[in-house]
**Student:** 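What follows is a single structure, and I will ask about it in a moment.
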There are 2 protein chains.
Amino acid sequence: MADHVQSLARGLAVIRAFSAASPALTLSDVARATGLTRAAARRFLLTLTDLGYVRNDGRLFTLTPRVLELGYAYLSSLSLPEVAAPHLERLAAEVHESASVAVLDGEDVVYVARVATARIMRVTISIGTRFPAYCTSMGRVLLAALPPPALDAYLARADLRRLTSRTVARPAALRAELDLVRARGWAMVDQELEDGLRSLAVPIRDRSGATVAAVNVSTHASRMTLPQARRDLLPCLQATAARIEADLTHS
Amino acid sequence: MADHVQSLARGLAVIRAFSAASPALTLSDVARATGLTRAAARRFLLTLTDLGYVRNDGRLFTLTPRVLELGYAYLSSLSLPEVAAPHLERLAAEVHESASVAVLDGEDVVYVARVATARIMRVTISIGTRFPAYCTSMGRVLLAALPPPALDAYLARADLRRLTSRTVARPAALRAELDLVRARGWAMVDQELEDGLRSLAVPIRDRSGATVAAVNVSTHASRMTLPQARRDLLPCLQATAARIEADLTHS
DNA sequence: ATTGTCTGTTCGCTATGCGCACATTTATTC
DNA sequence: GAATAAATGTGCGCATAGCGAACAGACAAT
């Protein structure tokens, strides 16, 4: 492949070999996880260690906080996370639930801001977390705003699978859901990503009216019925989106 | 240099060329910022674009949310940010000021969790933000906990410069400050990082008693006097640290 | 039209990064 | 403790991955 720097691609794969499930890896772990030879994996790990992105205790390699620098460039270049943050804090304090902002990236939503009040999911959510767009409230909001060709392309590409017994995974049913989102201006997703997880999202629009992100509140089925969620959360959520939009217009 | 993959180091430098000040760059901008030839810069940008970390509108290159994935591995592998997040939300709601958690990395503190109530600094703080340890409240807490040889090494290495007229930048004076921090168990930094910025930090310790992070609240000089800050913020901060520590013990 | 700047392309070249084989160290099993 | 297995470290010949240079084409400014 012309104009492709294989060593960079391989080195980045080494960074991605680390995860919540595997925070600390031996040289051989990394080689296995990436498919590289031990000698190559070692060279990449040593390079990353020299650069300060990885540390080594003599046996196990771990990432250092410096890798955040690679994502920080993205976060700091977006006004959205910074503008949204105080509004999310206010929203979370008001409704006593976790609140987040995400953008669409490929087939996923990516969290770019979050205030967490309590953990209600099996997995950790933090900045950078990705979930499939089709079965998340923020993803629904963002997909609903796509132009038809882009939505067609998404549906053609996306791996629509059921994650729970309630996941809407058939393209026709998903399109119907998105029609509803468009009509109402908000999305409620009930236990489609994970059993027990309920979330409600509304769009964040820029001055031209284009949906650029979504803001949501998530709760647990044991805490709130669907009508309660709508009644109690939707007005606050819409007000928060409006405030974020107003502030984005000034930045 | 043996065992050093130059292309990886160069490719990572290309990612770091993007910043809040330069969110979108042309090929020539990247080449200038990194010192690479245009041909090399182009190859790296095309590789990063193929991998999904960079996008291009025909002229300007920008980072995509996917670069967050490179730091997410670090964040998700640490229990601290996840454990701290709801406690920070509560603290921020209680004192109506921004609250953060940071760790020491080299000469800097790096923010790993944060709930922002309002912006009080000239620059954006988000996850991944780095500031010099010596003139920040969390940095002081973390430095105070270093064993003497490590503190000596820090002072030998660190570029101690005055950032404001109040910055304590002489090694002897800084040592005296750190003695105070040790004696009191908290650090107050008043307008040493930036005019107007006041912050108060306490340590977060693990079960062995080692300081592993710091938690702080930051305010503005126009909002709170020093005695008020101490009176109003310190008890909440210490309680928050205790709660975080208790939760860390269980994870 | 001319000039300057930027981006894309091609290509010969070489040095960068490769994998392999072996040595050494560490961990595991009996 | 001894033997074995697994993991890591090292050196090296080699070839190809990545290099920079030069040129062409596109675009912007005068």
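So you know, we letter chains A, B, ... as the sequences are listed, proteins then strands, and number each from 1.
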**Student:** Closer than 3.5 angstrom, by distance alone: can the side chain of B/Arg140 be matched with the main-chain N or O of B/Tyr134 as a donor-acceptor pair?
**Tutor:**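 Yes; judged by distance alone, with no hydrogens or angles, the pair exists.
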**Student:** Can you name the nearest heavy-atom pair linking B/Ala73 to A/Ile15, along with the distance?
**Tutor:**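 Looks like CB-O, 4.4 Å.
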**Student:** Search all heavy atoms of B/Ala102 against all heavy atoms of B/Val109 and return the closest pair with its distance.
**Tutor:**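 The answer is CB-CB, 4.1 Å.
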**Student:** What closest approach, in Å, do B/Leu151 and B/Arg175 show between heavy atoms, and which atom pair accounts for it?
**Tutor:**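 Heavy atoms of B/Leu151 and B/Arg175 come nearest at CD2-NH1, 4.1 Å.
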**Student:** Does one side chain, of A/Asp29 or A/Thr26, offer a donor that lies under 3.5 Å from an acceptor on the other?
**Tutor:**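 A/Asp29 vs A/Thr26: donor-acceptor pair found between side chains.
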**Student:** Output one line per pair: protein atom, nucleotide atom from nucleotides 23-26 of chain D, and distance, for all N/O pairs under 3.5 Å.
**Tutor:**
none

**Student:** Report the distance from atom CZ of B/Arg43 to atom P of D/dG18, rounded to the nearest whole Å.
**Tutor:**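 In whole Å, D/dG18 P lies 9 Å from B/Arg43 CZ.
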**Student:** Please check if the side chain of A/Arg130 supplies one atom and the backbone of A/Asp105 the other of a donor-acceptor pair under 3.5 Å.
**Tutor:**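 Between the backbone of A/Asp105 and the side chain of A/Arg130 there is a qualifying donor-acceptor contact (under 3.5 Å).
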**Student:** Counting only side-chain nitrogens and oxygens, does A/Ser28 get under 4.0 Å of the OP1 or OP2 atom of D/dA6?
**Tutor:**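 A/Ser28 to D/dA6 OP1/OP2: no side-chain N or O under 4.0 Å.
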**Student:** Calculate the interatomic distance between A/His4 atom NE2 and D/dA17 atom P; express it in whole Å.
**Tutor:**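 After rounding, the gap between these two atoms is 11 Å.
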**Student:** Going 5' to 3' along DNA chain C, which are the first and last nucleotides with any atom under 4.0 Å from a heavy atom of chain A?
**Tutor:**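 The contact span of chain A on DNA chain C goes from C/dG17 to C/dC20.
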**Student:** With a 4.0 Å limit, can you tell me whether B/Ser7 has a side-chain N or O closer than that to the phosphate oxygens OP1/OP2 of D/dA17?
**Tutor:**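 Looking at the OP1 and OP2 atoms of D/dA17, neither is under 4.0 Å from any side-chain N or O of B/Ser7.
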**Student:** Heavy atoms only: give me the nearest A/Gly71-B/Leu68 pair and the separation to one decimal.
**Tutor:**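 Heavy atoms of A/Gly71 and B/Leu68 come nearest at O-CD2, 3.7 Å.
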**Student:** What is the nucleic acid contact for A/Ala40, judged by heavy atoms within less than 4.0 Å: base, sugar-phosphate only, or nothing?
**Tutor:**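 Sugar-phosphate: the residue A/Ala40, judged by heavy atoms under 4.0 Å, touches backbone atoms but no base.
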**Student:** Choose from D/dG20, D/dT8, D/dC19 the nucleotide whose nearest atom is closest to any side-chain atom of B/Phe44.
**Tutor:**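 Comparing D/dG20, D/dT8, D/dC19 against the side chain of B/Phe44, the answer is D/dC19.
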**Student:** Report the distance from atom CD of B/Gln6 to atom C1' of D/dC19, rounded to the nearest whole Å.
**Tutor:**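 Between C1' of D/dC19 and CD of B/Gln6: 10 Å.
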**Student:** Given 3.5 Å as the limit, does a donor-acceptor pair link the side chain of B/Thr249 with the main chain of B/Arg207, or not?
**Tutor:**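 Flag not set: sc B/Thr249 to bb B/Arg207 has no pair under 3.5 Å.
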**Student:** Looking only at the side chains, is there a donor atom on one of A/Thr129 and B/Tyr72 sitting less than 3.5 Å from an acceptor on the other?
**Tutor:**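 Yes, a side-chain donor-acceptor pair sits under 3.5 Å.
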**Student:** Mind grabbing the angle between the end helix axes of the helix from C/dA1-D/dT30 to C/dC30-D/dG1? Five pairs an end, 10° rounding.
**Tutor:**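 The end axes of the helix from C/dA1-D/dT30 to C/dC30-D/dG1 are about 50° apart, to the nearest 10°.
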**Student:** Given D/dC19, D/dA7, D/dG9, which nucleotide is nearest the side-chain atoms of A/Arg42?
**Tutor:**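 Nearest to the side chain of A/Arg42 among the choices is D/dG9.
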**Student:** What are the two closest non-hydrogen atoms of B/Arg66 and B/Gly52, and how far apart are they?
**Tutor:**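 Looking at all heavy atoms of both residues, the shortest contact is CB-O, 3.5 Å.
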**Student:** Which is more 5' along DNA chain D, the nucleotide nearest A/Leu8 or the one nearest A/Arg59? Just name the residue.
**Tutor:**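 Checking each residue's closest nucleotide, the 5'-ward one belongs to A/Arg59.
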**Student:** Would you tell me whether A/Arg162 and A/Thr167 have side-chain atoms, one donor and one acceptor, within less than 3.5 Å of each other?
**Tutor:**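 Side-chain D/A pair, A/Arg162 to A/Thr167: absent.
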**Student:** Nearest-nucleotide wise, let me know which of B/Phe61 and A/Arg10 is further upstream toward the 5' end of DNA chain C.
**Tutor:**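 In this pair, the answer is B/Phe61.
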**Student:** Rounded to whole Å, please give me the gap between CG in A/Leu46 and C1' in D/dG9.
**Tutor:**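 So the two atoms are 10 Å apart, to the nearest Å.
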